[in-house]
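Contents: one structure, followed by commentary.
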Amino acid sequence: MLLNISNVQHFSLGDGPGIRTTIFFKGCPLRCPWCHNPETISPQPAQLFYKATGKREVRGMSVECEALLPELLADRDYFAESGGGVTLSGGEVMLQSEGAAQLASLLCREGISVYVDTAGYVPYANFERMNPYTDTYLYDFKTASETLMRTVIGGDLSRITDNLRRLLADGKSVRIRIPLIPGFNTDDESVDGICRALGGMGIGAVDLLPFHRLGSGKYEAMGLTYAYAATQPLRGEPLDALRRRFERDFTVRVEQ
Amino acid sequence: MKPSNALREDLREDLRHTPEGAYAPHYFKFIGLRQDPNAAPQRIRANMLYSLFSAPKPRILAHELITGNGHCLFVKEEEKQLKYAEHMVGMLGRRHFGTNNDHYAPDYRVILSKGVGGLIDDVDRSLERHAHDGKRVETLKDMRITLEGFTAMIAHYADAADALIGDPAYDGERLAFIRGNCRALLDGAPRHFAEALQLVWFCHTAFLMEGRYAMALARIDQYLWPFYKKDVEDGIITREFAVELLENVFIKLLGDVVNICVGGTAPDGSCAVNELSYCVVEAVKNCNIPGPNLSARIRSDTPDDFLIECLKSIGTGLGYPALMNDEVNIPGLSRYGYAREDVYNYSMVGCIENFITGKQPPWVDDRFNTPLFLDYVFNNGMSQSTASCGLALGEAESITTMEQFMKNFEAQLDWGVSEYCLRIHNRTDLLSQEAVNEPFLSCFCYDCIGRGMDINNGGALYPSVHGACAMGVGTVADSLAAVEKVVFIDHEATLAELRDALNANFEGYEELREKLLAAPKYGNGDDFVDKYAVWFLDYINACFSRHHTRDGGPYYVLMAANTANISAGQEVNATPDGRLRGESLSDAASPTHGRDHLGATVALRSVSKPDYTKSAGGTVVNQKFSPSAFQGDRLRALAALIRVYFKNGGQELQMNATSREVLVDAMDHPENYRDLVVRVSGFSAYYVTLGRDVQYDILSRSQQE
């Protein structure tokens, strides 16, 4: 089965435990304006041209699952020694759940752990396809506000929360990841909302992903304007305050 | 005595304030030179060392606990007088790096077990044994003279500490500590950790006074371990104080290249890591200066937490320790017939060079510019970029297959290796091994005292080795792969066209260059090119193994050369990998900079393919990591990376956390950092493509960590 992917990144340390190889899938149903992987949003190949170095890149290729496998298996010693594996990320992996499930099943057969990084905005049927082969979902939870989800991100919150509930009900391992975006979800009201929503579902631990603007170079390379170009990264005391707030309800890890 | 963290920094400040006058070791040597103008040259050298050690007035620094430094060699004298002394001493000639002078690792266990007096007793016993052999008697007397000078130096330090007690600029307790340690060393073998460390430091200081550099401290966690263990058990020192004493020594190494080895294999073959190994890593980390060049010998059963401590030190931006794979180095060194316990006890000198501790003459190496020989294949033995020439085996037109190309290249290399060895032999032969003796250093090399022979003239148990640094594995592998792909598989150009393109430095051949650049590159897990890296080491080692140093020792191959890949590259014509004339060669054993773009796991998978037991001298593989890779539980992942790399046969890893300095430099010189990648969760980006404000974000991120 063909997969539409952006690129494969070996030696990823931030996308789940241990040493992982991350596959970035193409295509996303959401439009988060702070997105740091803009080249993965469209299913079409993205052309990047970096003025500073003269480097050109095309991000987008169709590849058969079987063809991808040898490159993923080549790092299996590293996975085994570190407790790592493969992470499917994006873009939105779950848009390509058939292909992703096939790939994940091949990896499972080889005894390799599969993590899936998702924002959850797909029919649950897609999850049902992935569930048998997924070790853990890294599940984005960006806001508890239906309005913000609809107007800023372009999604339907109820589908995201329903999917999360069903994953938990189905006994899947889920790690909640909350991107902390200044001006979007870092005010008291937003944070309280997120904590209430997650707490209500029995979530005990969350990963916080503080905003950074390192994606700005990619926007420029694609000839796009980055809405968050002038937003300062979140760190120091404001980040500590947020961490403390989340720690009232959850075990917290800050991912850098 | 209570530990004080500030002492290290205060001492560093003390060291900055050098005494008035000029640094003039020759002034003190000259005193000995004049003593007996009619003595044999070997005796004159011994006399010079006697005066060098015994004549200077020690200068104890206010914040020292372990005393001894080069400040004693400053003199206030007439410039003419000093110049004259320098001229007279210089006329006598001396050894240099190329003639077995420095880069030496003493086996400090010997002197620690018996003290200086014990060493002198050994000389006297040997004198009795060799009483009938005039030459040996004189050699032993030369050694004895230098040991007497060394003893006088220790006595002077004891007296100087004593005389300073009461001086308001000094701490009396510290002076008493120094005086006590020095006096103990005059009485016999050291009994305590501080005494042992003081003795080692006096030896090292004496080597520096002699004019040597890159003298290794070798396996300090092993030879000091019995002292540390006993003192801690007896409640004489705390771990904290031991670390402070070590720092006191390490902070003085600034500006030198002093290899310090920790971990590795014990005499019984087990893992040698002990509590003191951790202390040494901590002390080096605390000092945070270049100079103490820490090497950690790692085995598959080295404790995880020790590896993690090493990684924490590396992650500060210090980059030390370099990680060495015992399970490659031990089989590698075992090829040369050394006794097993001597192989187990190997350490490193200089940057990474493997050395049989205390049992062979000082290390020598030179650069073997491998990519230069590609030029000869293309141009019938004539270099296009230097005045050198190789074998005339025919024009490029006559080479029609990859096999023929390789045969030609192999012939050029084989010839080049014999020329190289000839050059090394010539250099050795210029010097009289007999006349240019090293009486003091010989006392630290087994079995010079027993044999009554000089370290460079038959005294050392094992003969001298020469390290040939085979340059540019990445450049060569990439070039061969490009020739095979572009010329012999894809037929995009003939070999003659490629020659013309190389000789034109690709001017007018830009399209061909693009194709060459697009060929598979070393460091991306691709056997098509990686096979040439495997061949590189196999073949070059086979060539060198047909040669011997003048005293019958082996030529080791190394894949390490500091920054010589830059200067060596300046001599080399454009190469088929797309590299332009004069550009740097690939560095050490690493893939060509920036061409291993798939990540550390893949790069190390390629790099672990060559059989590094054939590089007994050592290799350097440089890999850069984001500072965030050294944070929290990611350290465990890094440790796993090293475990797998070493299990697969990697020999060495020099890890660097991309430091603040690099990030700042990259802002100003983006052209040098085109491939610098920054990574965070689910994301990576080229650093130099980011705006300045965003680069500052990363900068402050690295500062936080």
Side-chain angles (χ1 to χ4, degrees), chain A residues 7-22 24 36-37 48 50-55 57 70-71 74-84 87 89-90 117 138 177 179 207 209-210 212-218 220-221 226 229-230 232-233 235-236 253-256, chain B residues 524-525 594 597-605 608 623 625-648 670-671 673-691 693-698 700-701 703-705:
Chain A
N7 63 306
V8 176
Q9 178 175 296
H10 293 261
F11 193 62
S12 298
L13 300 182
D15 303 320
I19 295 173
R20 310 194 76 84
T21 298
T22 306
F24 292 91
H36 65 194
N37 287 331
L48 286 87
Y50 293 104
K51 265 190 222 134
T53 57
K55 219 186 264 275
E57 275 178 354
E71 184 177 357
D75 276 357
R76 69 187 314 158
D77 286 1
Y78 295 101
F79 300 156
E81 183 71 34
S82 66
T87 297
S89 182
D117 190 354
L138 304 174
R177 308 191 120 194
D207 293 350
L209 280 65
H212 63 81
R213 48 179 173 170
L214 306 186
S216 59
K218 296 196 216 174
E220 198 195 319
Y226 186 34
Q232 294 299 311
R235 65 161 72 95
R253 227 176 68 160
V254 179
E255 276 284 0
Q256 293 289 348
Chain B
N524 297 298
H597 55 268
L598 294 180
T601 52
V602 187
L604 293 183
R605 205 193 307 141
S608 56
Q623 281 281 310
F625 296 86
S626 305
S628 67
F630 295 88
Q631 300 300 308
D633 50 9
R634 290 181 190 182
L635 282 169
R636 302 244 158 234
L638 276 189
L641 182 79
I642 292 153
R643 294 284 191 202
V644 173
Y645 169 58
F646 278 2
K647 193 178 73 194
N648 291 343
E671 66 281 5
Y673 298 92
R674 291 180 45 168
D675 302 289
L676 179 58
V677 170
V678 287
R679 288 183 166 207
V680 291
S681 300
F683 174 85
S684 63
Y686 294 112
Y687 180 75
V688 299
T689 66
L690 301 169
D693 48 347
V694 183
Q695 290 179 332
Y696 277 119
D697 294 350
I698 297 168
S700 43
R701 179 190 278 267
Q703 196 170 27
Q704 268 180 349
E705 292 159 356

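Numbers restart at 1 for each chain; the letters A, B, ... are given by sequence-line order, proteins then strands.
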Ignoring hydrogens, what is the shortest heavy-atom contact between [X] and [Y]? Give both atom names and the distance.
X         : Y         : value
Ser216(A) : Val694(B) : OG-CG2, 3.3 Å
His10(A)  : Thr601(B) : CB-OG1, 3.4 Å
Leu690(B) : Gly217(A) : CD2-N, 3.6 Å
Val688(B) : Ala52(A)  : O-CB, 3.4 Å
Arg253(A) : Asp633(B) : NH1-OD2, 3.2 Å

Does a salt bridge link Asp77(A) with Arg643(B), judged by any charged N lying under 4.0 Å from a carboxylate O?
no
Please round to the nearest 0.5 Å and tell me the distance separating atom [atom1] of [X] and atom [atom2] of [Y].
X         : Y         : atom1 : atom2 : answer
Leu638(B) : Phe11(A)  : CG    : CZ    : 5.0 Å
Thr689(B) : Lys55(A)  : OG1   : NZ    : 9.5 Å
Gln631(B) : Glu255(A) : CD    : CD    : 12.0 Å

Segment of Ala221(A) engaging chain B (4.5 angstrom heavy-atom cut-off)
neither
Which answer fits Tyr673(B), side chain, backbone, both or neither, if we ask what part of it has an atom under 4.5 Å from a heavy atom of chain A?
neither
Could you go through Leu214(A) and Tyr687(B), starting from their C-alpha distance and side-chain angles, then the distance that decides it, and tell me whether this counts as side-chain contact (heavy atoms from CB on, under 4.5 Å)?
CA-CA 9 Å; Leu214(A) 306 186; Tyr687(B) 180 75; over 6 Å; no
For side-chain contact (heavy atoms from CB on, under 4.5 Å), just list the numbers for Leu641(B) and Ser82(A), CA-CA rounded to whole Å, side-chain angles, deciding distance to a tenth of an Å, and then say yes or no.
CA-CA 8 Å; Leu641(B) 182 79; Ser82(A) 66; over 6 Å; no
For residues Asp75(A) and Arg605(B), determine if any side-chain heavy atom of one lies less than 4.5 Å from a side-chain heavy atom of the other.
yes
